[in-house]
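For reference, the structure is listed below as C-alpha cells.
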Amino acid sequence: MDVLLIEDNPTDARLFEDLVNDSGDSVAIKWARSIAEARDSAGLAFDVVVTDLGLPDSRGLETAERVLAEYPGCPVVVMTGLDDPQAGVQAVQAGCQDYVVKGITDPALLVRTLRHAVERQAAERRIRESEERFRTLIEMSPDAIVLIAMAEVPEDAEIMFANPVARRLFKVGANSELAGAAASRVFSGIDASGLVHALCHVSRKGDGPRGLGDFRLSDGTGARIAVEVSAAPVFVDGRRAVQAVVRDISARREREREQRLAQAVFRTTAEAMMITDAERRIITVNPAFTQITGYPLEDVRGRSPSLLASGRHDAAFYADMWGTLEAEGHWRGDVWNRRSDGEVYVQRLTISRITDADGVVTNYVGVFSDVTEEKEASAALQYSASHDALTGLPNRALMVDRLEQALGVHARTGRGLSVLFIDLDGFKPVNDTHGHLAGDLLLQDVAERLRGCVRDSDTVARQGGDEFVVVSHDATDPDSAATIADKILQALRPSFDVGSASVRVGASIGIAQAPRDGTTVEDILHAADGAMYEAKRAGKGVWRFAGNAEEPIRLAYA
C-alpha cells in the first residue's frame, strides 16, 4: 500500500511511520509537509492520502476539501487531536473516508483504518459503476447499512433492508424478516429516538449524504454499543427513504478511553516515567520525570537514558542490569543518578521490556521515584545505632563487629593486631567540679585527640563513660602497640578548655594482642581491660601489656 502523508510536524510524522512499520504490513510512505509540497507528488499514484487538518498553508475543514480536490478518486483519511474528534466527523462528512486520532498506539488499528478507507473508496466507485456490484458491495461492506422507508411520523419509519453486518450488529434475523418492521426493532437504546428523527430530517431535506454523529444504542441483547452514523436520502420504488451507514465504533471508543486514562495516569502519577524505543532512545517522559530530574522532554527526546548517569556505578553494574532485563523482561533496583543541576540522588527504578505479538522488542519503560531522603534517613538511623551520640565515635557494638572482622582476617592471614583499652585518669573530678556539660566537652576533645593518634584504617571507639578502645590493624608487634600508647598519653598531656575552665586528665592504657592474648573478641577485650587495671595499680598515666605485670612501665609524662 502506497501512502501519501501530509504532516508538517516531524515528530507526529515519525510516530505515524513507526506505527505503520510496526504493523508488519507492506506500506510505502511519501511524506509532504504542506499541500503545496504534496502537489509536487500529484502525478504519482497513491492508495490513500493521510493528512493533518492543521497545515502551514491550510487549516481545518478547508484542508480536507483541498486535499480531496487535489486527489480526486483517492481515499483521504484525516488526523485529529484527542480533544477534537468532531473535526474528523466533519471531514468524513465532507467526503473523507475516515479519521484517526493523533496519539493512536495500535499499529494494526491504524493500518486497518487506512485499508478500510481504501476499501470504502473502492466500494463507492464500484457502486456508481453497477447496481449489481453495488448490492454485492453492500453485502460485503465492513459497516452496517440499513435502508429505511420514511413516514410523516418518525415512529412509523419502516426497515426495508439491512446488510449482514447490520444484522450481526443489532442481533436481528434475516433481511426478509425485517421488511416492513418498525425502525425501532433495529434501533433501540438511549439515542434511538434521536437517531430516527435525524434520519427523517435527512430524508425530508434531501440535500445529499451527511454525517449524523455518534449515537448510543443497544443491540438485540440489550448490550450498549457506540455507533457513528452517516445517511443519505434516496428514493426506492417511488417512496422517500434514507440509507444509513452505521459504523460500530465501540472498540475505537474503548481504546480512546483507555488511551485517555493511560495518558492521564502518565501525566499525573507522582512516579517518573520514561519510554524509549527498541534502541533505548528516549521517546517521551512525564511531568514527574521533569520534576525529579530537572530535564524537560525537549532536552531528552532522542537521547540515551545514560545522560542521567552519576558515575557512581561501573560498567559491570549496567551490564548486569541490562543482562537481567533481557533475560527476565524486567529489572528493579536502586540507582544513583544525577539531576540536570548536577545534584546526585537515588532512584528506585523499575525497567520493563515491551514486545510485540512476535516477541520483538519495541520499547522499554522505566518508572522510578526519588528515594534520596529515605536513603539518607536509613543511613542516619544506621549511623545513630552504631555510633556514640556524644563523640561521634563508633560505639561498643560497632567496635565489637569490626574487631570480630579483624580477628577473622587474622585467622586467614596470620597477621596480628592490637587492642588498647583506655581509661581516663582524673575525669570524675572534672564532672564533680565543673559539671556534666564540661565533662561532655572534655570527652569530645579526648575523642578528637585519640583520632589523631591512629591511622584511618584503625578504629577508635567509646566503650562507655570515660573508657575508650582502639583496634589497630597495623600494630602487629609489641613495639608498634607501645608506640601508639605513648602517642595517646602524649596527646592527652596538654590541658583541655571546657567552657571557662582549663582542666587536665591523663589515661591508663591496657594493651592486648592477638593471637598472643586471645583469638576471640571476648578474650582480647578481657585481656586489655585487665591490663588497663594493672596500669592503674602501677600509678596511672602509664600503659601495661596483658599478662605481663612485671614489664617495665613507660611514663609518658617523664
Checking D445 side chain against E448 main chain: does a donor-acceptor pair fall under 3.5 Å? no
Take V100 and D98, measure what side-chain contact (heavy atoms from CB on, under 4.5 Å) needs, and give me the verdict at the end. CA-CA 7 Å; V100 294; D98 208 342; 5.9 Å; no
Answer yes or no: is there a donor N or O on one side and an acceptor on the other, between the side chain of T459 and the main chain of V471, under 3.5 Å? no
Taken in chain and number order and not counting sequence neighbours, the residues that satisfy side-chain contact (heavy atoms from CB on, under 4.5 Å) with D18 are R14
- Query: Side chains of D458 and S472: donor-acceptor distance under 3.5 Å anywhere?
  - Reply: yes
For A514 and L407, the nearest pair of non-hydrogen atoms, with its separation, is CB-CD2, 3.8 Å
Show me the donor-acceptor pairs, under 3.5 Å and distance only, between side chains in residues 314-321 and residues at least two apart or in other chains.
| from | atom 1 | to | atom 2 | distance (Å) |
| --- | --- | --- | --- | --- |
| D314 | OD1 | A316 | N | 3.3 |
| D314 | OD1 | F317 | N | 2.9 |

Closest heavy-atom pair, V300 versus L307, reported as atoms and distance to 0.1 Å, is CG1-CD2, 4.0 Å
Between the main-chain N or O of A309 and the side-chain N or O of S306, is there a donor-acceptor pair closer than 3.5 Å?
no
message = Is it the case that atom OH in Y533 sees more than 12 heavy atoms from other parts of the structure closer than 6.0 Å?
response = no
- Task: Determine whether V460 and V454 make a side-chain contact, defined as any pair of heavy atoms from C-beta on separated by less than 4.5 Å.
- Result: yes
Item checked: Pairwise side-chain contact, R504 with V430, heavy-atom cut-off 4.5 Å (strictly under) -> no
Exercise. Does the side chain of W543 reach to within under 4.5 Å of the side chain of I484, using non-hydrogen atoms?
Worked result: no
Output for pair (D477 CG, Q513 CD), nearest 0.5 Å, gives 7.0 Å
**OP:** Output, in order, the C-alpha distance, side-chain angles, deciding distance and verdict of side-chain contact (heavy atoms from CB on, under 4.5 Å) for R338 and V344.
**Re:** CA-CA 4 Å; R338 192 179 301 276; V344 175; 3.3 Å; yes
A32 and L4 have their tightest heavy-atom pair at CB-CD1, 4.3 Å
request  = Report yes if the distance between the aromatic ring centroids of W331 and Y364 is under 6.0 Å, otherwise no.
outcome  = no
Considering only NZ, NE, NH1 and NH2 on the basic side and carboxylate oxygens on the acidic side, decide whether R112 and D106 come within less than 4.0 Å.
no
Item to complete: Inspect the contact between K540 and D425 and indicate whether a charged nitrogen and a carboxylate oxygen are less than 4.0 angstrom apart.
Response: no
Distance col, row L424:CG vs I509:CD1, nearest 0.5 angstrom, shows 10.0 Å
Is R252 salt-bridged to D214, going by a charged N under 4.0 Å from an acidic O?
no
- Message: When you measure from the side chain of S369 to the backbone of E271, do you find a donor-acceptor pair of N or O atoms at a distance under 3.5 Å?
- Response: no
When rounded to the nearest 0.5 Å, the distance separating CG of D466 from NZ of K428 is 11.0 Å
Note: M79 and F16 closest approach over all heavy atoms is SD-CD1, 4.1 Å
Are the side chain of S23 and the backbone of P107 linked by a donor-acceptor contact shorter than 3.5 Å?
no
ask   = Are I6 and D52 close enough that some pair of their side-chain heavy atoms sits under 4.5 Å apart?
value = no
**Message:** Can you see whether Q444 engages D440 through a side-chain donor-acceptor pair at a distance of less than 3.5 angstrom?
**Reply:** no
V77 and A117 have their tightest heavy-atom pair at CG2-CB, 3.3 Å
key: Minimum side-chain heavy-atom gap F289-L308 below 4.5 Å   = yes
Review point. D358 side chain to V360 main-chain N or O, any donor-acceptor pair under 3.5 Å?
Key: no
query: Does H387 reach the side chain of L398, with side-chain heavy atoms less than 4.5 Å apart?
result: yes
* To do: Decide if atom CD of E373 counts as having more than 12 heavy atoms of other residues, nucleotides or ligands within a radius under 6.0 Å.
  => no
dist T293:OG1 -> M274:CE (nearest 0.5 Å) comes out at 9.0 Å
- Apply side-chain contact (heavy atoms from CB on, under 4.5 Å) to V101 and R260, showing your working. CA-CA 11 Å; V101 178; R260 287 193 297 270; over 6 Å; no
Inspect the surroundings of CZ in R332 and state if more than 12 heavy atoms from other residues, nucleotides or ligands are less than 6.0 Å away.
no
- Check the surroundings of atom NE2 in H526: do more than 12 heavy atoms from other residues, nucleotides or ligands lie under 6.0 Å from it? no
query = Counting distance only, does the side-chain N/O of T268 pair as donor-acceptor with the main-chain N or O of A264 below 3.5 Å?
reply = yes
Side chains of L525 and L403 in contact at under 4.5 Å (non-hydrogen atoms): yes
| request: Indicate yes or no: at least one non-hydrogen side-chain atom of D8 is less than 4.5 angstrom from one of S34. | output: no
(Q) A quick test of your reading: do over 12 heavy atoms of other residues, nucleotides or ligands sit less than 6.0 Å from CD of E258? (A) yes
| task | Could you tell me whether R280 and E326 have a side-chain N and a carboxylate O separated by less than 4.0 Å? | result | yes
In short, A527 meets A546 closest at the heavy-atom pair O-CB, 3.5 Å
Interatomic distance, CE@M532 vs CD@Q463, rounded to 0.5 Å, equals 9.0 Å
Short question: side chain of T63, backbone of G54 - any donor-acceptor pair under 3.5 Å?
-> no
Discussion item. Check this for me: Q382, atom CD, are more than 12 non-hydrogen atoms of other residues, nucleotides or ligands nearer than 6.0 Å?
Written reply: no
**OP:** Ignoring hydrogens and angles, tell me if any N or O in the side chain of N363 forms a donor-acceptor pair with the backbone of T276 under 3.5 Å.
**Re:** yes
Original post:
Given the rule in the side-chain contact (heavy atoms from CB on, under 4.5 Å) test, do R493 and Q490 qualify, once you have shown the distances and angles that lead to the verdict?
Top reply: CA-CA 5 Å; R493 184 174 184 180; Q490 291 287 358; 4.2 Å; yes
**Asked** Do the side chain of H313 and the main chain of W336 share a donor and acceptor less than 3.5 angstrom apart?
**Response** yes
One should read off an interatomic distance between L393 CG and L450 CG, to the nearest 0.5 angstrom, of 7.5 Å
